Amino acid sequence: HRPSIGGRLVRAMPLEGAVVSITKKGKYPFMFEARNHHFQFVMRAKNANEMELWMKLLRGESEANALIPHIISDDAAAATGNGNVEEKKEEKNSPTNGSVGGGGGGSPNKLSSSQQARYDFFKNERDFVASVCDVAEVLRFHEPKERKALAPGLVAAVTLPPCGYVPLCKSTDVWRRVDGVMSKDTRVFNTNERCPMIYYFVAKRGEKIGSTGLGPKNPNLDVAEYLHMQFQVPDTDPVGKLDAITEGMGAEDEEEEKEEEVGEDDDTLGLEDPTDSRSGTVWSEDTMGARKSKGASFLSSMSTKGMSTPTRKGNDQLRKFMEDTVVKLPSKLSMQINRFESRKKLSYLDRNAASSTRITTTPIIEKTVIELPIIENPIGDDDASDMDMDCLSLDGQSVVSREGGSIIMGDQVVAFEQADGVDKASLNRAKHVVCGGESWAEKSARMLKTAKAESAKNDKTNVEEDDTCIHEIVTFMAKSNDDLRQEVFVMQMIHYFESVFAKSNIPIWLKTYRILSTSKTTGLIEVLTDATSIHGLKTADKYPETGGMRAYFEQVYGPPTSKSFLAAQRNFTRSLAGYSLVSYLLGLKDRHNGNIMIDTRGHVIHIDFGFAFGMAPGHEWSMERAPFKLTKDYMDVMGGPTGESFKEFQKLFVEGFKAARSNSLTALGLVEIMMYKSNYPCFTGTRYGGGVGLKRFEKRLMLDVPDVKVGKKAKQLINSSMDNTGTKLYDVFQYHSNGLAV
């Protein structure tokens, strides 16, 4: 890929979507090339026939339908002599096209309309994610001073899918369809090796679902619910039971089904050991024999009954879906699945753990954040009175928000803010230091008003539809030339420990922001709103010249005895305890003031986990020898070694460490699984390969220490970290090398 401008020679490229053509003015005869946005491969054939054959094969692979193995490409179809390419394309787009394996005279190599719609959705979504990462990759090869000027034009050229969303979410998060992009607000960060970008997209929710537009308008539909309804994916009945897709089930089979339902072997049904030879599993020999006998009796009954209409059982939509995809669900298997789902059997590990030590497991949970909607004045009407928060609904559905910020409903601007004891006056003072004078709620409201005005100006036909939808701003960071897979794993471990602390009722605060690795060199990261780095805080214009972070807290949140100060101090203490624990347990290093953030409510948030599990800058010569970072600044915010907040910090750290030890088996298992044949930097190489990271992680958990001595050991970790010399030296080193504030 153009090594002359900084690229590197790669001997492989993805063919899908590539353009295959004859090389113009080639150095040798019979030269042809395959190229896409990133790569260009030039090849040479022996003769014209060989070149034509190669180009035909490459074009077939480059077509989008080559992703589906049973679809014949247009070039391959033309080669069979059964019609020209144009006729094949016309047949493919015909509305009477047959489904896969279906009847009606349609070609068995074509997709049904529902399959095509789903395929188009996933392909468009994938292309959308790739395109936003491509912009960061393109800008990387431009001079830093040119990037900010080029970014808006490149972002505006990104193709938005007709039904796409930002995939930094779970299937249970609220669906937000990407509808527009705020290209002029794009932010570009210049670094030596990469060019991270922050995107701002306008998203809609509460739209009518389906092509008819007659579906419900629920602003709180999650991603899975919306996609099932939009693409008419069949679902099971509300209680979650699956009906067997059978026809003509006789009375004998129904009696056998009833006997199976009340059988005495219910307790043995579940996730069996794959090496277990006992009968009763779903795929046991008895079951297979029963299935074969049932199939034989079914065919026999059909032959004797002739063309009589059989009795149909089960969900019609589910039956049609299974028939379209040439799948039959045996009745025996459906009963096994129903009983497994209804009784929630223990897995093999749990069933066989009674005779040994019980494994402590912790489900991954989501933190509940209390947010209050604040309805501002209607757009353009500064004299209008505030409206009642109880009217915050769309078609009878209450509107919820898990993202914060602002939304627009018709002509109403609604801002969601957390309720944690920090008053609005303190937040207004904090935003001038942390956010440059504009909070995320204010910034998103400003963008939404601009987007709504531009939409009304450019497209007046959808004004009525827009007024009945909810508009939001969705933001994320796109990175290229950076492998985020290790960061994804570290964040998953932080999320696990957050669940451990919550299960133990320990009020420790951690921010588990979302990271999505889209390839080994690109990815998306959730943007932390209303927050800045400690470096950014200390270099802000309104940061106090003397007194450090303690003076900042008193300046922003009020006197030490005020309600807002105590709330912000509590937020600081609980978040510091959480990140001190995970920094020590996961061996997080490179903890300079550019990788530690603070928000307007006083929470500390750690980012950038490129050095984890003991891997550190300088390796054996690393200056970060302390268990975790606990500077004098942090101590002063908590009132010093004798302050009540510091005592709470000690208590939280000790109790959190005990909870982590009690769930160590699961944590060690997660690390061991991810370490196996891993290419993460923290698990590879002569320094960190061979299980070194796992052994060090186990050592940090102190599993060999008696429980009665764990509290004392945990306090020793705190004492070793307080104002550590190595921590101070590393901050000084970062100040002189990268200009980061101490």
Side-chain angles (χ1 to χ4, degrees), residues 8 10 12 193 274-275 349 356-357 359-362 364 481-497 499-500 515 517 519-523 579-592 595 606-629 657 659-706 710 713-714 716-717 720-721 724 726-727 730 733:
R8 55 192 175 90
V10 181
E193 298 180 354
T275 62
L349 276 176
S356 59
T357 304
I359 300 175
T360 303
T361 59
T362 300
I364 302 299
N481 195 35
D482 195 6
D483 191 347
L484 299 179
R485 289 175 290 182
Q486 177 175 302
E487 292 207 31
V488 172
F489 172 57
V490 173
M491 183 55 66
Q492 290 171 340
M493 291 300 299
I494 293 176
H495 198 171
Y496 172 73
F497 281 121
S499 302
V500 168
I515 308 173
S517 178
S519 73
K520 65 180 181 179
T521 58
T522 60
Y579 280 104
S580 297
L581 277 166
V582 297
S583 294
Y584 166 71
L585 293 171
L586 302 180
L588 302 182
K589 300 300 179 182
D590 196 29
R591 298 297 90 197
H592 55 71
N595 285 339
H606 284 231
I607 63 172
D608 194 348
F609 308 117
F611 293 91
F613 291 96
M615 180 183 178
H619 305 293
E620 293 85 355
W621 305 100
S622 173
M623 289 177 271
E624 295 179 280
R625 300 289 182 175
F628 53 88
K629 187 170 187 177
F657 186 66
R661 288 178 80 252
S662 65
N663 292 269
S664 60
L665 190 59
T666 303
L668 288 167
L670 292 172
V671 175
E672 186 174 9
I673 290 171
M674 297 305 299
M675 183 185 65
Y676 180 69
K677 292 186 178 181
S678 172
N679 58 359
Y680 297 168
C682 61
F683 294 141
T684 57
T686 57
R687 290 186 175 94
Y688 310 108
V692 173
L694 180 63
K695 294 175 183 177
R696 291 177 178 176
F697 180 45
E698 184 177 5
K699 184 178 180 180
R700 287 191 293 271
L701 286 166
M702 300 184 189
L703 300 180
D704 57 339
V705 176
V710 171
K713 288 286 186 180
Q716 288 177 358
L717 295 175
S720 300
S721 302
N724 186 273
T727 301
Y730 190 67
F733 168 76

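One is the number of the first residue; the rest follow in order along the sequence. Computed from a prediction, not measured in an experiment: that's the story for all the values here.
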Let me check something: any side-chain donor-acceptor pairs from residues 694-705 under 3.5 Å, sequence neighbours excluded? List them with distances.
from: Arg700; atom 1: NE; to: Tyr584; atom 2: O; distance (Å): 3.0
from: Arg700; atom 1: NE; to: Leu585; atom 2: O; distance (Å): 3.0
from: Arg700; atom 1: NH2; to: Leu585; atom 2: O; distance (Å): 3.2

Table please: side-chain donor-acceptor pairs of residues 607-620 below 3.5 Å, with sequence neighbours left out.
from: Asp608; atom 1: OD1; to: Gly610; atom 2: N; distance (Å): 3.4
from: His619; atom 1: ND1; to: Tyr688; atom 2: OH; distance (Å): 2.7
from: Glu620; atom 1: OE1; to: Arg687; atom 2: NE; distance (Å): 3.0
from: Glu620; atom 1: OE2; to: Arg687; atom 2: NE; distance (Å): 3.0

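Considering only heavy atoms from C-beta on, Phe489 comes within 4.5 Å of Gln492 through its side chain. A heavy-atom distance below 4.5 Å is not found between the side chains of Ser583 and Lys629. The closest side-chain heavy-atom distance from Val582 to Met493 is not below 4.5 Å. Leu581 has its side chain out of reach of Phe497: every pair of non-hydrogen atoms, C-beta onward, lies at least 4.5 Å apart.
Panel note: side chain Ser664, backbone Arg661; a donor-acceptor pair is recorded below 3.5 Å. Asn724 places no side-chain N or O within donor-acceptor distance of the main-chain N or O of Arg625, the cut-off being under 3.5 Å.
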### Message
Using side-chain contact (heavy atoms from CB on, under 4.5 Å), reason through Tyr579 and Leu588 one step at a time and then give a plain yes or no.
### Response
CA-CA 10 Å; Tyr579 280 104; Leu588 302 182; 5.9 Å; no

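The structure places OG of Ser519 at 8.5 Å from CG of Leu484, a figure rounded to the nearest 0.5 Å. Here the straight-line distance linking atom SG of Cys682 with atom CD of Gln486 works out to 3.5 Å at 0.5 Å rounding. To the nearest 0.5 Å, atoms CD (Glu487) and CG (Asp482) are separated by 6.5 Å. Taken from CE in Met675 to CG in Leu668, the straight-line distance is 10.0 Å, to the nearest 0.5 Å. Rounding to the nearest 0.5 Å places CZ of Arg591 at 14.0 Å from CZ of Phe628. Note that CE of Met623 is 5.0 Å distant from CZ of Phe733, once rounded to the nearest 0.5 Å.
Residues Ile515 and Met491 come closest through the heavy atom pair CD1-CB, 4.2 Å. Between Ala626 and Ser721 the shortest heavy-atom distance is CB-CA, 4.2 Å. For the pair Ala667 and Tyr496, the tightest heavy-atom approach, listed with the atom from each and the gap, is CB-CE2, 4.0 Å.
Residues passing the salt bridge (charged side-chain N to carboxylate O under 4.0 Å, His left out) test with Arg485, sequence neighbours excluded: Asp483.
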